[in-house]
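Report on the structure given below.
Just so it is clear: chains get the letters A, B, ... in the order the sequence lines come, proteins before strands, and each one is counted from 1.
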Amino acid sequence: MTLRLFDTATREEREFAPLTPGKVGIYLCGPTVQSSPHVGHLRSAVAFDVLQRWLERSGYQVSMVRNVTDIDDKTLAKAAEAGWEWWAWALRYEREFQAAYAAVGVKPPAAEPRATGHIPEIIAIIARLIDNGHAYEHGGSVYFDVRSYAAYGSLTRQALEDLTPAPDAPADDKRDPRDFALWKARKDGEPETASWESPWGRGRPGWHIECSAMAQRYLGDEFDIHGGGLDLRFPHHENEQAQSRAAGYGFARLWMHSAWVTQSGAKMSKSLGNGLLVSEVLEPHEPAALRLALAAVHYRSMLEYSPSTLDEASAQWARFQGFVSRATERVGAPTSTDLATATLPEGFVEAMNDDLGVPRALAVIHETVRAGNAALAAGDDAAVAGALVGARAMLDVLGLDPAAPEWAAERAGASDTAMAALDFLVRADIDARAAARASKDWATADAIRDRLAGAGIVIEDAADGARWSLAADS
RNA sequence: GGUGGAGUGGCCGAGAGGCGAGGCAGCGGCCUGCAAAGCCGUAUACGUGGGUUCGAAUCCCAUCUCCACCUCCA
């Protein structure tokens with residue numbers, strides 16, 4: 001069975017066939033870096049990170065391009081208000097986004113281009129659109145002529161006459177009120193550094209044209225997948241597609257859109273004031289639990305976020321972690337080759353191939369972990385080893401292998417040497433407790449356990465002796 | 001007004017004509033000195049009203065409610 005993906009443009013699942021065999025080019029709309037990232041931003045990033053990991057596991061070489069929109073009206077306005085240079089303001093938030101992505105295990109993209117670094121490419125496309133009659137200049141600004149392009153509205157199935165006017169310029173300046181800006185003439189009061197020379201005078205690019213230019217620069221005239229949040233479909237993606245295709249390029253062959261995070265049914269967003277900052281969520285919870293919570297729901301379904309969401313994810317994460325560490329202690333860690341070549345359960349593969357069915361894939365992982373835990377209790381080491389390899393390989397596809405370096409290090413928040421030293425100290429207490437238990441001195445044994453618990457160290461008794469671990473953060 | 005999406009057990013969430021996904025919480029049991037972890041078991045679930053069908057959460061009709069995009073938005 002091959003991978004099938006839901007194409008938002010045709011609204012149906014389609015068999016995925018890359019333009020170039022063995023390779024996949026993906027353009028993902030990244031953040032507009034004008035304020036701190038919230039949980040919703042991470043959901044989109046995690047969803048496409050899982051796509052990348054599944055494609056890679058399936059043998060493809062993936063070029064993921066995720067842009068940074070580092071200039072726009074809001075960035076300029078907010079920076080001015082704060083007395084910052086706009087570029088310093090943008091970079092500050094770009095760093096916050098990068099840190100947030102990294103925290104939840106999103107792989108760094110192959111390219112992370114900034115809009116302001118691609119002015120020549122942007123100008124070239126605009127010039128081409130003017131030449132072929134799909135764009136026109138007025139007062140130093142350039143607009144896309146929506147009526148010149150018959151397919152306008154096709155991505156989102158909207159008729160031109162049903163749309164409300166684009167508000168990015170006075171209607172008088174445009175041939176049609178729904179025309180949108182490709183190039184914005186510099187306005188009085190805007191910083192000199194926020195404008196560039198162009199055939200139409202100084203100015204800066206419109207939002208949509210940036211993505212058309214960067215996608216083409218890194219992925220070519222036509223590429224496999226364009227992704228982004230569902231809220232970008234219109235006008236952003238509709239306009240991107242119109243520009244690029246009107247300019248004569250094939251552009252994206254398939255569109256994927258991730259749904260958003262809701263709270264009490266309402267979309268999480270800054271403008272509604274219900275945006276939950278990543279920094280707030282990560283304060284009491286492990287990043288891996290946040291990633292699990294965001295990945296666990298199918299990417300096209302709304303994800304209802306509540307205070308218990310992270311508690312539940314933490315519990316699941318502890319279950320995965322517990323099995324992996326117990327099983328590893330018993331049968332040893334599989335080699336990276338074992339993990340890379342492991343045959344994944346059929347149910348898992350089918351679920352992932354069916355438009356990334358992570359919820360069903362997760363169910364298979366739970367089944368594997370349950371079988372592994374049972375084998376652990378039964379002393380069936382061969383079965384334990386099999387379950388360990390399988391579970392880790394599947395979890396890795398979701399970016400959630402507990403033994404992967406990013407999570408293993410995060411868990412302890414300490415280096416290997418510090419952990420070894422801690423183990424040496426705790427071991428003495430465990431031995432003392434074992435002696436007390438041997439002589440049925442339960443009071444002493446419990447006192448030792450309680451004392452360790454007070455220090456955040458959890459003791460678990462097993463048939464072959466006690467083991468310790470650090471308590472979960474939450 | 002236009003274009004879409006959603007209503008599933010206490011909660012989160014899959015599924016999309018016929019064996020009650022999975023997780024979290026709860027309850028009972030096993031294990032344990034007690035715990036913890038783990039395992040086993042445990043649910044009159046599919047917004048409402050009709051209809052089609054041997055059989056519907058899944059199809060059809062009607063209806064109610066909620067959400068989103070058409071402003072910046074992942």
Side-chain angles (χ1 to χ4, degrees), chain A residues 8 11 28-32 34-35 37-48 66 69 72-75 77 97 153 156-168 178 207 227-236 238 257-262 264-272 275 292-293 296-298 300-306 308-309 311-316 318-319 322-323 326 347 351 354 357-367 369-378 437 440-443 445-446 449-450 453 458-463 466-467 469:
Chain A
T8 323
R11 294 194 307 177
L28 176 60
C29 277
T32 300
Q34 43 101 355
S35 59
H38 65 240
V39 173
H41 292 117
L42 287 192
R43 187 186 184 193
S44 167
V46 167
F48 288 97
R66 187 185 65 211
T69 297
D72 81 322
D73 292 345
K74 276 195 177 175
T75 307
F97 270 89
T156 48
R157 301 194 170 196
Q158 300 188 94
L160 196 55
E161 56 270 22
D162 292 330
L163 298 174
T164 50
D168 56 7
R178 287 151 299 209
W207 177 33
L230 195 53
D231 40 11
L232 295 180
R233 271 187 322 162
F234 194 91
H236 189 49
E238 185 73 60
H257 289 97
S258 59
W260 40 75
V261 179
T262 60
S264 305
K267 178 187 172 193
M268 186 183 287
S269 74
K270 253 165 301 185
S271 45
L272 287 175
L292 178 53
V297 177
H298 187 92
R300 287 195 288 119
S301 297
M302 306 292 177
L303 190 163
E304 172 63 16
Y305 190 95
S306 77
S308 66
T309 303
D311 292 336
E312 287 177 20
S314 295
Q316 276 195 66
R319 178 175 159 81
F323 169 66
R326 284 191 303 275
D354 184 12
V358 174
R360 278 183 290 149
L362 214 41
V364 177
I365 295 175
H366 273 106
E367 282 163 20
V369 167
R370 192 188 316 118
N373 276 325
L376 224 30
R437 293 182 71 211
K440 299 199 189 302
D441 181 0
W442 310 128
D446 290 352
R449 188 170 63 195
D450 290 347
V458 180
I459 297 295
E460 290 173 23
D461 290 325
R467 55 192 300 279
S469 60

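- Toward the 5′ end of RNA chain B lies the nearest nucleotide of Gln316(A), the other residue of the pair Thr32(A) and Gln316(A) mapping further downstream.
- With both ends at atom P, the span from C27(B) to G20(B) equals 26 Å, rounded to whole Å.
- No donor-acceptor contact under 3.5 angstrom links the side chains of Thr32(A) and Gln34(A), judged on distance only.
- Put simply, the side chain of Lys74(A) and the base of C72(B) share a donor and an acceptor less than 3.5 Å apart.
- One finds no side-chain N or O of Arg360(A) lying less than 4.0 angstrom from the OP1 or OP2 phosphate oxygen of G13(B).
- When the P atom is used for both A68(B) and A35(B), the distance is 48 Å, rounded to whole Å.
- Here Val261(A) lies in heavy-atom contact (under 4.0 Å) with a base.
- Between the P atoms of C60(B) and C67(B), the separation comes to 25 Å (whole Å).
- For His366(A), no side-chain nitrogen or oxygen approaches OP1 or OP2 of G22(B) to under 4.0 Å.
- Using a 4.0 Å heavy-atom cutoff across all strands shown, Thr156(A) reaches sugar-phosphate atoms only and no base atom.
- Spacing of P atoms, C70(B) relative to G41(B), comes out at 49 Å, to the nearest Å.
- Look at Arg437(A) and you won't find any side-chain N or O under 4.0 angstrom from OP1 or OP2 of G33(B).
- Comparing the P positions of G22(B) and G15(B) gives an interatomic distance of 14 Å, to the nearest angstrom.
- Among the atoms of the strands shown, only primed sugar atoms or phosphate atoms (P, OP1, OP2) are found under 4.0 Å from some heavy atom of Arg326(A).
- Nucleic acid contact class of Asp446(A) (heavy atoms, under 4.0 Å, all strands): base.
- Applying the 3.5 Å distance criterion, the base of C11(B) shares no donor-acceptor pair with the side chain of Asp311(A).
- Annotation: G49(B) and G7(B) have their C1' atoms spaced 16 Å apart (nearest Å).
- Side-chain atoms of Arg449(A) come within donor-acceptor range of the base of A35(B), with a qualifying N/O pair under 3.5 Å.
- Judged by Watson-Crick or G-U wobble contacts below 3.5 Å, the nucleotide G18(B) has C54(B) as its partner.
- Residue-level contact check: Asn373(A) touches the backbone only, with heavy atoms under 4.0 Å from sugar-phosphate atoms and none from bases.
- Counting non-hydrogen atoms under 4.0 angstrom, Gly265(A) reaches the backbone sugars and phosphates but no base.
- Side-chain nitrogen and oxygen atoms of Lys267(A) include at least one within less than 4.0 Å of the OP1 or OP2 phosphate oxygen of C69(B).
- The separation of C59(B) from A25(B), taken at their P atoms, amounts to 33 Å, rounded to a whole angstrom.
- Note on Asp354(A) versus Arg360(A): salt bridge recorded, some NZ/NE/NH1/NH2 to OD/OE distance being below 4.0 Å.
- For the pair Ala371(A) and Leu303(A), nearest-nucleotide mapping onto RNA chain B gives the more 5' position to Leu303(A).
- Going from the P atom of G13(B) to that of G50(B) covers 30 Å, rounded to whole Å.
- Residue Ser301(A) places at least one side-chain N or O under 4.0 Å from the OP1 or OP2 atom of A14(B).
- Residue Glu304(A) is classed as a sugar-phosphate contact, given heavy-atom separations below 4.0 Å to backbone atoms only.
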